[in-house]
> 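Below you'll find the structure I mean.
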Amino acid sequence: MNRHLSGIALGASLAFAIPAHAVELTGAEVGASHSFFVDDTSVSKTTLQGSAELGFGPMFGVQGDLGINWLNESDETATSATLHGLYHVNDQTSLGLFYGSDKLDGEHRDYYGFEVGQKGPSFDVEAYVGRGEDSGLTGTMMGVEGRFAVSGAFGLGGKLQNADFDDDASMTRVGLTGDYTMPNGMGLTAELGRLNSDGLGVGDETYVGIGAKMSFGPNQGVTFGKRGLLDVLPGL
């Protein structure tokens, strides 16, 4: 884990060595979402999230994510924060290291990993691998998701996420996504998927997610999606 932290620290040191006039806000997002299990809609999660990205010249950047989650069935509130160190290989390909923490019921779960993204004229895709560590559940997580622009306003996509824990518990999430951008720039999103789990007391559940977000800045948004266990679990 210290190896990953050293890499992020080195990237941050290089970024701060760049003249201040080269630093700019390249993108930001704010949004809200709600997801629930079809068989029991009381098992649901409501989330407010925001992200911002700073560019240090054309190649380096830092992205920060903050989120608050209301877990309605358990009547708990959870928070998450993630920092990404970014390297833009070119206009289409980006690499990143991320480090973050989820907090629930006074306990923290730290996670870190590697991510890569590719953007084209009509598609974008990203993938990540990571590991979470705390005194309770500890394990690995990975995911891939993509989007294809059907038109200027409509997009369709999908996602696959998996987490395996050291105590033989695991979960896999598969979802189909769709989005529509309104004339005022607000994006509306919807997702239908399936969560398969083993050893977590959840079982296999179909879920639905809906959301809305606004994107800002020259890049109209940020480079990477959200990370962490709270972002893998719909409805919980």
Side-chain angles (χ1 to χ4, degrees), residues 1-16 25-33 35 45-56 60-71 76-88 94-117 126-145 159-166 169-171 173 200 209 211 213 215 221-236:
M1 184 171 178
N2 290 335
R3 182 175 68 254
H4 298 276
L5 291 177
S6 298
I8 293 176
L10 176 60
S13 299
L14 292 174
F16 284 118
L25 178 67
T26 57
E29 295 178 356
V30 293
S33 62
S35 60
K45 177 179 71 174
T46 303
T47 302
L48 292 178
Q49 288 184 320
S51 300
E53 184 175 324
L54 294 176
F56 301 92
F60 297 98
V62 173
Q63 175 186 328
D65 310 322
L66 293 174
I68 182 169
N69 306 268
W70 290 274
L71 312 179
E76 297 280 356
T77 300
T79 58
S80 59
T82 309
L83 180 66
H84 310 249
L86 309 175
Y87 173 66
H88 303 293
S94 297
L95 306 176
L97 293 174
F98 63 87
Y99 180 86
S101 180
D102 293 340
K103 181 179 180 181
L104 174 62
D105 194 26
E107 297 184 358
H108 291 266
R109 166 178 288 278
D110 298 328
Y111 50 87
Y112 55 88
F114 171 78
E115 54 199 345
V116 58
E126 64 180 80
Y128 69 92
V129 293
R131 183 166 180 82
E133 296 184 351
D134 68 2
S135 57
L137 290 175
T138 300
T140 59
M141 58 185 184
M142 63 183 66
V144 59
E145 61 181 288
K159 64 175 59 177
L160 171 64
Q161 295 172 299
N162 174 264
D164 286 302
F165 304 101
D166 293 345
S170 65
M171 61 183 176
R173 173 183 179 179
L200 294 175
K213 72 174 183 178
S215 300
V222 294
T223 299
F224 287 115
K226 312 304 182 290
R227 304 292 178 243
L229 183 62
L230 291 173
D231 294 297
V232 177
L233 284 169
L236 292 177

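Sequence positions, counted from 1, serve as the residue numbers for this chain. Keep in mind that this is a model prediction, so the values were computed, not measured.
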> For Thr223 and Glu126, which heavy atoms make the closest approach, and how far apart are they?
O-OE1, 4.0 Å
> Quick one: closest heavy-atom pair of Ser215 and Gly221, and the distance?
CB-N, 3.9 Å
> Restricting to side chain to side chain contact (heavy atoms under 4.5 Å, CB included), what partner residues turn up for Leu25, sequence neighbours left out?
Ala52, Leu54
> Given side chains that start at C-beta, do those of Arg227 and Glu115 come closer than 4.5 Å, heavy atoms only?
yes
> Could you check whether the rings of Phe60 and Tyr87 sit parallel, tilted or perpendicular, using 30° and 60° as the cut-offs?
tilted
> Residues two or more places apart in sequence or in another chain: which of them pass side chain to side chain contact (heavy atoms under 4.5 Å, CB included) with Gln49?
Thr47, Lys226, Asp231
> Atom CG of Leu230 and atom CG of Asp102: how far apart are they, to the nearest 0.5 Å?
3.5 Å
> What distance do Leu104 atom CG and Leu71 atom CG have between them, rounded to the nearest 0.5 Å?
6.0 Å
> Would you kindly say whether Ser101 and Asp110 are connected by a side-chain donor-acceptor distance under 3.5 Å?
yes
> How far apart are the C-alpha atoms of Phe114 and Leu95, what are their side-chain angles, what is the distance that settles it, and do they pass the side-chain contact (heavy atoms from CB on, under 4.5 Å) test?
CA-CA 8 Å; Phe114 171 78; Leu95 306 176; 4.1 Å; yes
> One pair to check against side-chain hydrogen bond (donor to acceptor under 3.5 Å, both in side chains): Ser51 and Asp65. What are the steps and the verdict?
CA-CA 4 Å; Ser51 300; Asp65 310 322; 2.7 Å; yes
> Tell me the closest heavy-atom pair linking Leu233 and Lys45, and the distance in Å.
O-NZ, 2.7 Å
> Please check this pair: side chain of Glu76 against backbone of Trp70, looking for a donor-acceptor N/O pair closer than 3.5 Å.
no
> Please report the interatomic distance CG(Asn69) to OG1(Thr79), rounded to the nearest 0.5 Å.
8.0 Å
> Would Val62 and His84 count as a side-chain contact (heavy atoms from CB on, under 4.5 Å) here? Give the steps.
CA-CA 6 Å; Val62 173; His84 310 249; over 6 Å; no
> Provide the closest heavy-atom pair for Ser94 versus His88 in the form atom of the first, atom of the second, distance.
OG-ND1, 2.8 Å
> Supply the atom-to-atom distance Glu145 CD to Phe224 CZ, rounded to the nearest 0.5 angstrom.
11.0 Å
> When you compare the side chain of Thr26 with that of Val222, does any pair of heavy atoms fall below 4.5 Å?
no
> Nearest heavy-atom pair of Met142 and Val129: which atoms, and what distance?
CB-CG1, 4.0 Å
> Quick check on the 6.0 Å ring-centre criterion: do Phe98 and Tyr112 meet it?
no
> Kindly say whether Gly143 contributes a backbone atom to a donor-acceptor pair with the side chain of Asn162 at under 3.5 angstrom?
no
> Looking only at heavy atoms, what is the nearest atom pair of Val232 and Tyr128, with distance?
CG2-OH, 4.0 Å
> Applying side chain to side chain contact (heavy atoms under 4.5 Å, CB included), can you list everything that pairs with Leu66, at least two apart in sequence or on another chain?
Ala81
> Could you check whether atom NZ of Lys159 has more than 12 heavy atoms from other residues, nucleotides or ligands sitting under 6.0 Å from it?
yes
